J.: 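Would you mind keeping the following structure in view while I ask a few things?
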Amino acid sequence: MSNIPAELKYLSSHEWVRVEHDGTATVGITYNAQDLLGDVVFVELPEVGSELNAGEEAGVVESVKAASDIFSPVSGEVLEINENLEESPDFVNSDPYNEGWFYKVKLADESDLDDLLDAEAYAAACEAEDH
Amino acid sequence: MLIFERGVTGRNATAQAPLVKAEVTSIPAELMRKSKAKLPEVSELQVVRHYTNLSRKNFSIDTQFYPLGSCTMKYNPRGAHKVASLPGFLSRHPLAPESHSQGYLTCVYELQEILKEVTGMAGVSLSPMAGAQGEFAGVAMIKAYHDKRGDHERCEIIVPIAAHGTNPATAVMCGYKVKEIPVLNDGDVDVEALKEAVGPQTAGIMMTNPSTCGVFERQIEVIAKVVHDAGGLLYYDGANLNAILGKVRPGDMGFDVLHMNLHKTFATPHGGGGPGSGPVAVGERLLPYLPTPIAGIEDAGGEPDYCWLGQEALPDSIGRLSAFMGNAGIILRAYIYALFLGRDGMHRVSEFSTLNANYMAKKLSDAGFDLAYDDRRATHEFIITMSKQAKELGVTAMDFAKRLLDYGYHAPTTYFPLLVPECLLIEPTETESIDELDGFVEAMTQILKEAESSADLVKGAPYSQPVKRLDDVKAARELDVAYKA
Amino acid sequence: MPFIPHTEDDIRKMLETIGAQSIDQLFDEIPSHLRAGSLDAVPSARSEMEITRLLSERAQQDSGALCFIGAGAYEHHIPAAVWDVATRGEFMTAYTPYQAEASQGTLQLVYEFQSMMTAITGLDVSNASLYDGASGMAEAVLMAIRANRKSKSKRVLIAGTVHPLYRDTVKSIVTNQQIELVEVAFDTSTLVTDLSALSAFEGEDFAALVIAQPNFFGSLEDVHCLTDWAHAQGMLAIGVINPMAATLISPPGEWGENGADIAVGEGQPLGIPLASGGPYFGFICCKQKLVRQMPGRIIGRTVDLDGKEGFTLTLQAREQHIRRSKATSNICTNQGLAVTAATIHMSLLGHEGIERVARACYANTHRLIGLLSAVSGVEVVSQGACFHEFVLRVPVSSRLVLEHMARQGVLAGYELSPADFTSSGSYLNNCIVVCATETKTEQDLNDYVSALEVSLKELEGVEC
């Protein structure tokens with residue numbers, strides 16, 4: 001549970017979002033999420049150009065024995081997806097906050113961010129789930 | 001080594017093909033195949049030896065005790081197999097006219113009658129080809145029933161959280177939403193939660209009884225009333241029918257529709273993953289919706305005349321589920337098995353499978369294993385949980401399962417149902433002797449000792465099989481699902 | 001007690017261990033008023049000897065006729081080694097290979113099966129099999145709808161020349177998911193899909209086009225043109241094929257510019273007896289990029305802890321036991337035993353052997369067409385090349401002809417029901433689909449013609 005960067009925002013379903021300076025947001029899954037899943041073997045990502053709503057399913061992440069939906073923490077148009085994950089889904093395990101990112105959106109509504117958890121609240125949510 | 005790698009260009013099993021290579025004159029050149037399919041080029045002896053040797057790399061009922069929970073790995077009578085393989089049965093074309101089908105139709109009709117009786121239902125169709133297709137047929141009939149009544153608001157199927165994964169997947173295939181309800185600590189469904197869950201949107205509930213927790217659902221009559229009062233129907237998943245065969249009938253418990261797994265309860269071979277056969281049985285209300293075809297009888301006086309009932313006879317049927325009429329050869333085997341057992345043999349199935357399970361549960365409990373539901377009777381199967389061993393020794397249920405292979409026993413079902421952590425679901429079946437059960441308990445006891453003294457030994461198992469533990473991550477990441485020359 | 005090994009002594013010992021007075025006490029959690037009565041409708045037990053006698057008589061009742069029915073199930077010679085090896089107890093009485101280390105036999109065999117099916121279809125990936133060809137086609141339709149992300153309509157075009165029982169099956173399986181199946185008319189003179197009928201659908205949104213090759217009438221479609229048309233319209237192309245024919249005629253992977261996307265069909269011709277319709281097996285193959293939409297089991301090759309080659313179930317996260325309500329299908333079994341037989345069958349014959357069988361079938365079909373062309377009053381409706389079967393029109397009621405010939409010991413074919421081919425109007429009245437595979441001798445073919453002539457003479461003047 002050690003690895004929860006303070007500068008990110010979270011969903012209790014283990015997605016993180018990083019707001020960049022240019023008004024875009026990057027989404028991925030947390031260290032804790034990849035730890036629960038085990039070795040990730042495949043990530044299904046949204047199509048570039050599609051519109052996502054906050055809370056909507058944006059894709060699926062699969063390990064050998066489990067599959068988990070990815071929910072979009074924020075609304076917006078998908079600008080880019082991490083194509084490297086097709087060849088190297090293991091980035092999700094080895095570097096979930098950097099090389100293991102999933103997709104970038106053009107943030108439609110900054111107020112979406114207010115509904116998200118900060119690092120402390122997410123840590124507490126993980127703690128609660130563990131018991 | 002793969003069969004392809006044993007081949008040499010130009011070698012073939014010449015005895016097995018027509019001697020003459022007939023000329024093809026009228027097929028346009030652009031519709032002819034351009035390159036040969038890369039199939040093995042081997043001799044007949046090479047084929048026989050290769051596959052005989054491959055077979056020896058399998059565990060099977062014929063070679064090992066196979067207590068795989070929820071799968072009912074009982075003895076598959078050779079007599080049933082042999083009789084179902086008589087040339088007259090093998091050579092009958094599925095679309096042969098009824099005049100040339102009376103022998104087969106008699107068997108089908110009589111099996112329908114037997115299954116009606118043992119389930120307490122009003123009608124049976126043998127056409128679904130496996131349990132999952134039977135489930136599909138059952139839920140599709142529930143949908144057809146509500147639709148016919150103009151009751152289109154019912155959009156939800158309730159499924160207890162312990163259910164087989166096929167239940168929710170089936171409900172979705174039939175266009176329903178799935179509502180999961182919890183199971184109490186004693187293994188029974190949470191009736192209060194069920195009462196909360198039902199309403200005008202409820203199409204029905206799918207249940208297994210005994211449940212996947214290996215215990216009988218004691219509140220079944222209350223559940224039936226709650227669901228029926230809300231206007232829903234009850235679906236019985238017959239995965240565990242072996243536990244109650246001849247003792248209590250789903251129809252009497254209040255179920256409206258069910259499927260059976262003939263490859264479990266009626267001892268037909270599992271064939272390394274199929275074929276199965278998943279007949280459905282229904283109460284009066286759902287009779288018009290049974291999938292076709294069904295064997296019927298034409299009463300012309302004198303000798304009975306059997307016939308097929310299709311869409312014309314059953315205009316409200318959910319339709320056909322296969323090109324012909326299901327897994328006919330499996331249906332025959334199940335019929336023959338029922339003849340072997342007869343009226344008095346049906347209840348012995350549940351009695352002795354239950355005796356065996358309760359005996360093993362007690363012995364394992366005495367040997368230091370934790371029963372998941374230790375204040376309940378075991379049914380035909382039971383669950384032990386290895387949470388304690390996992391926590392204290394670092395040895396998981398999967399490790400025990402793999403180590404059992406070294407002792408010559410097939411592993412029980414692991415990690416199912418999902419709500420019991422570190423579990424093994426154990427189903428001995430009625431055809432195993434006390435010696436075999438004792439041997440398994442002894443092996444488990446030995447493995448527990450090994451886990452205490454040298455955990456790594458257990459965690460590295462198996463050692464005696466053709467391969468050690470396989471790299472499943474590599475298999476999924478670097479997908480290799482077909483040989484390329 | 002058949003199959004139950006317990007002695008009185010065993011039972012006593014076991015009850016003592018459990019701490020129960022009787023076996024009946026073990027059922028004390030079941031409310032007593034629910035307990036079953038005596039099951040009077042179940043017959044009393046019989047011995048193996050009695051059963052063998054009874055069932056031999058019934059099997060005998062159904063046998064002896066010369067069968068010219070095809071329509072999706074074909075009579076072929078099956079080499080003795082196929083079922084001798086396939087029914088070894090180690091194959092026949094094993095379960096799904098969940099414990100990979102103890103199931104390498106079945107797992108390797110299915111990997112080999114997948115390899116052979118991809119070789120035959122010319123596609124990249126095969127699964128471990130589905131129930132049968134018809135339900136396999138339903139799975140292919142569902143798969144195409146999932147896979148074609150550009151199509152939003154949940155509509156699929158199906159050639160009217162696809163087996164009517166397959167079309168019925170697909171309808172039963174997919175309609176609850178609000179999927180619409182639209183039929184494409186065929187040309188009654190050539191009995192193949194009418195390319196001009198297709199143009200009416202141009203520009204419309206469909207997820208896929210389903211084509212049968214050979215089609216239900218035994219005629220050969222212009223699969224190249226149909227596949228290219230589907231692709232130009234943004235549809236996937238699904239081929240419903242006979243695997244034996246595919247060793248002789250163009251396989252789905254070679255159709256058109258880019259090949260069909262999914263191939264599906266009935267595996268029965270590959271070593272499975274007619275046996276009243278099952279167990280057979282459905283096969284399904286697809287292009288690599290669709291693999292995650294594939295339903296059912298898939299076996300992969302990998303290595304063990306020591307780096308030794310081994311086989312295991314893979315891509316399981318698509319399946320119902322993990323994905324539950326979001327699985328690609330509710331299917332969990334494959335037709336393992338039939339696949340075992342087919343794999344042995346394909347190994348024994350190889351491409352050369354299967355192609356020779358296919359050619360012999362072609363030759364017999366055309367030989368019978370030739371003989372029937374000389375029979376006055378009947379008309380061979382099929383034109384050009386046929387595989388396995390062809391359409392024959394008789395001058396009187398086809399039902400009466402079939403019944404009359406059956407009484408002479410010849411099952412003369414499958415009666416076409418015009419209701420199954422609505423787009424052709426009454427054109428197919430009194431038509432039957434006749435099949436002659438390699439098992440038929442010259443004498444058999446002559447017997448067909450003689451029986452037909454006898455029946456026609458008897459039925460002359462009878463109202464249609």
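Values reported hereafter were calculated over all heavy atoms of this structure, with side chains retained and with hydrogens, waters and symmetry mates removed. This one's a predicted model, so the numbers in the text were calculated from it and none came from an experiment. Residue numbering restarts at 1 for every chain, and letters A, B, ... go by the order of the sequence lines.
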J.: At a 4.5 Å cut-off on heavy atoms, which part of B/K36 comes close to chain C: side chain, backbone, both, or neither?
T.: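 Both backbone and side chain.
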
J.: Heavy-atom cut-off 4.5 Å, strictly under: side chain, backbone, both or neither for B/S85 against chain C?
T.: neither

J.: Grab the two heavy atoms, one from C/I120 and one from B/R33, that are nearest each other, plus how far apart they are.
T.: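 Where C/I120 meets B/R33 most closely, the heavy atoms are O-NH1, 2.7 Å.
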
J.: Indicate whether the side chain of B/Y51 and that of C/E112 have a donor and an acceptor atom separated by less than 3.5 Å.
T.: yes

J.: Apply side chain to side chain contact (heavy atoms under 4.5 Å, CB included) to B/S60 and C/F91, showing your working.
T.: CA-CA 7 Å; B/S60 67; C/F91 282 135; over 6 Å; no

J.: To the nearest 0.5 angstrom, please state how far the CG atom of C/L109 sits from the CG atom of B/L2.
T.: 11.0 Å

J.: Is the shortest side-chain heavy-atom distance between B/I27 and C/L220 below 4.5 Å?
T.: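 B/I27 reaches C/L220 side chain to side chain.
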
J.: Less than 4.5 Å to any heavy atom of chain B: does that hold for the side chain of C/A363, its backbone, both, or neither?
T.: side chain

J.: Looking only at heavy atoms and a cut-off of under 4.5 Å, which of C/V125, C/D222, C/T96, C/L402 has the most pairs with chain B?
T.: C/T96

J.: Go through the atoms of B/D471 and report whether side chain, backbone, both or neither lie under 4.5 Å from a heavy atom of chain C.
T.: both

J.: Heavy-atom distances under 4.5 Å only: say whether C/L411 touches chain B with side chain, backbone, both or neither.
T.: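 Interface part for C/L411: side chain.
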
J.: Given a strict heavy-atom distance threshold of 4.5 Å, which part of B/K362 is in contact with chain C: side chain, backbone, both, or neither?
T.: side chain

J.: Given heavy-atom pairs under 4.5 angstrom as the criterion, report whether the side chain, backbone, both or neither of C/Y362 touches chain B.
T.: side chain

J.: Shortest non-hydrogen contact from C/I69 to B/L95?
T.: CD1-O, 3.7 Å

J.: Considering non-hydrogen atoms only, spot the tightest contact between B/D252 and C/L34 and give its length.
T.: O-CD2, 3.3 Å

J.: Measure C/D124 against the heavy atoms of chain B and call it side chain, backbone, both or neither at under 4.5 Å.
T.: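 It is the backbone, since no side chain atom gets that close.
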
J.: With a 4.5 angstrom heavy-atom cut-off, which part of C/Y166 approaches chain B: side chain, backbone, both or neither?
T.: side chain

J.: Relative to chain C, which segment of B/M32 carries a heavy atom at a distance below 4.5 Å: side chain, backbone, both, or neither?
T.: both

J.: Between chain B and each of C/I173, C/D10, C/D168, count heavy-atom pairs under 4.5 Å; write down the option with the most.
T.: C/I173

J.: Flag the one option from B/M325, B/Q311, B/M73 with the top tally of heavy-atom pairs under 4.5 Å to chain C.
T.: B/M73

J.: To the nearest 0.5 Å, tell me how far C/R58 CZ sits from B/E110 CD.
T.: 4.5 Å

J.: Quick check: do B/F59 and C/E90 have side-chain heavy atoms less than 4.5 Å from each other?
T.: no

J.: Regarding C/Q335 and B/N327, do their side chains bring together a donor and an acceptor under 3.5 Å, going by distance alone?
T.: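 B/N327 and C/Q335 do have a side-chain donor-acceptor pair below 3.5 Å.
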
J.: Is there side-chain contact between B/T52 and C/R88, with at least one heavy-atom pair below 4.5 Å?
T.: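 They are in contact (side-chain heavy atoms under 4.5 Å apart), so the answer is yes.
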
J.: What distance separates B/H93 NE2 from C/E75 CD, expressed to the nearest 0.5 Å?
T.: 8.5 Å

J.: With a 3.5 Å cut-off and no angle check, do the side chains of C/T312 and B/D472 form a donor-acceptor pair?
T.: yes

J.: Using non-hydrogen atoms only, which part of C/T118 is less than 4.5 Å away from chain B: side chain, backbone, both, or neither?
T.: side chain

J.: At a heavy-atom separation under 4.5 Å, does B/L339 approach chain C through its side chain, its backbone, both, or neither?
T.: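 For B/L339, the contact with chain C is made by backbone and side chain together.
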
J.: State, yes or no, whether a side-chain contact exists between B/V467 and C/E309 at a heavy-atom distance under 4.5 Å.
T.: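 Sidechains of C/E309 and B/V467: no contact.
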
J.: Please classify the contact of C/I354 with chain B as side chain, backbone, both or neither, using a heavy-atom distance under 4.5 Å.
T.: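 When you check distances to chain B, only side chain atoms of C/I354 fall under 4.5 Å.
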
J.: Among C/A81, C/A275, C/G72, C/A134, single out the residue with the greatest number of heavy-atom pairs under 4.5 Å to chain B.
T.: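 Most heavy-atom pairs within the cutoff with chain B belong to C/A275.
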
J.: Could you look at C/I298 and say if it's the side chain, the backbone, both or neither that has a heavy atom under 4.5 Å from chain B?
T.: side chain

J.: Just checking, is any N or O donor in the side chain of C/H6 or B/E351 under 3.5 Å from an acceptor N or O on the other one?
T.: no

J.: For the candidates C/P251, C/S56, C/G310, which exhibits the highest count of non-hydrogen atom pairs separated by less than 4.5 Å from chain B?
T.: C/P251

J.: Between C/A385 and B/S26, which heavy-atom pair has the shortest distance, and what is it?
T.: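 Smallest interatomic distance, heavy atoms only, reads CB-O, 3.3 Å.
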
J.: Considering all heavy atoms of both residues, which atom of B/G103 and which atom of C/D62 are nearest to each other, and what is their separation?
T.: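 In this case the closest contact between B/G103 and C/D62 is N-OD1, 2.9 Å.
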
J.: Does a side-chain heavy-atom distance below 4.5 Å link B/C107 with C/L55?
T.: yes

J.: Can you tell me which of C/T333, C/T314, C/L348 forms the most heavy-atom pairs within a distance under 4.5 Å of chain B?
T.: C/L348

J.: Where does B/V118 contact chain C at under 4.5 Å (heavy atoms): side chain, backbone, both or neither?
T.: both

J.: Does any heavy atom of chain B fall under 4.5 Å from the side chain of C/F281, the backbone, both, or neither of them?
T.: neither

J.: Do you know which of C/T52, C/T93, C/V223, C/L337 has the most heavy-atom pairs under 4.5 Å to chain B?
T.: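 Most heavy-atom pairs within the cutoff with chain B belong to C/T93.
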
J.: Is there a side chain to side chain donor-acceptor pair (under 3.5 Å) between C/S44 and B/R343? Walk through the geometry before answering.
T.: CA-CA 5 Å; C/S44 49; B/R343 189 181 307 133; 4.9 Å; no

J.: Would you call B/K38 and C/M116 a side-chain contact if the rule is heavy atoms closer than 4.5 Å?
T.: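 Sidechains of C/M116 and B/K38: no contact.
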
J.: Evaluate C/T169 against B/R320 for side chain to side chain donor-acceptor pair (under 3.5 Å), listing each step before the verdict.
T.: CA-CA 5 Å; C/T169 305; B/R320 91 177 21 254; 5.0 Å; no

J.: What part of C/I23 lies closer than 4.5 angstrom to a heavy atom of chain B: side chain, backbone, both or neither?
T.: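 Side chain only.
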
J.: Which distance, rounded to the nearest 0.5 Å, do you find between the CZ of B/F352 and the CD1 of C/I4?
T.: 5.5 Å

J.: Is the side chain of B/E117 donor-acceptor paired with the backbone N or O of C/A41 at a distance under 3.5 Å, no angle test?
T.: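 Yes: the side chain of B/E117 pairs with the backbone of C/A41.
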
J.: Answer yes if the ring centres of B/F340 and C/F3 are under 6.0 angstrom apart, and no otherwise.
T.: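 When the ring centroids of B/F340 and C/F3 are compared, they turn out to be within the sub-6.0 Å range.
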
J.: How many angstroms lie between atom CD of C/E352 and atom NZ of B/K21, to the nearest 0.5 angstrom?
T.: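 Rounded to the nearest 0.5 Å, the CD-NZ separation comes out at 4.0 Å.
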
J.: When rounded to the nearest 0.5 angstrom, what is the spacing between CD1 in C/I18 and CG in B/N358?
T.: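 Separation between the atoms: 5.0 Å.
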
J.: Report yes if some heavy atom in the side chain of C/E29 is under 4.5 Å from a heavy atom in the side chain of B/R376; otherwise report no.
T.: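 Yes. Closest side-chain heavy atoms under 4.5 Å.
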
J.: Does any heavy atom of chain B fall under 4.5 Å from the side chain of C/V85, the backbone, both, or neither of them?
T.: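 Looking at C/V85, just its side chain touches chain B.
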
J.: Do C/M92 and B/H81 have side-chain heavy atoms sitting under 4.5 Å apart?
T.: yes

J.: Examine the side chains of B/N58 and C/T106 and answer whether a donor and an acceptor come within less than 3.5 Å of each other.
T.: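 Judged by distance alone, the side chains do pair up.
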
J.: Counting only heavy atoms closer than 4.5 Å, note whether C/E254 contacts chain B via side chain, backbone, both or neither.
T.: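 Only the side chain of C/E254 comes within 4.5 Å of chain B.
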
J.: With only heavy atoms counted, which part of C/E355 is less than 4.5 Å from chain B, the side chain, the backbone, both or neither?
T.: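 Contact with chain B is through the side chain of C/E355 alone.
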
J.: Which region of C/V110, side chain (C-beta onward) or backbone (N, CA, C, O), has a non-hydrogen atom less than 4.5 Å from a non-hydrogen atom of chain B, or is it both or neither?
T.: neither

J.: Under a 4.5 Å heavy-atom cut-off, does chain C meet the side chain of B/Q133, its backbone, both or neither?
T.: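 Both the backbone and the side chain of B/Q133 come within 4.5 Å of chain C.
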
J.: Tell me the closest heavy-atom pair linking C/D132 and B/S322, and the distance in Å.
T.: OD2-CB, 3.3 Å

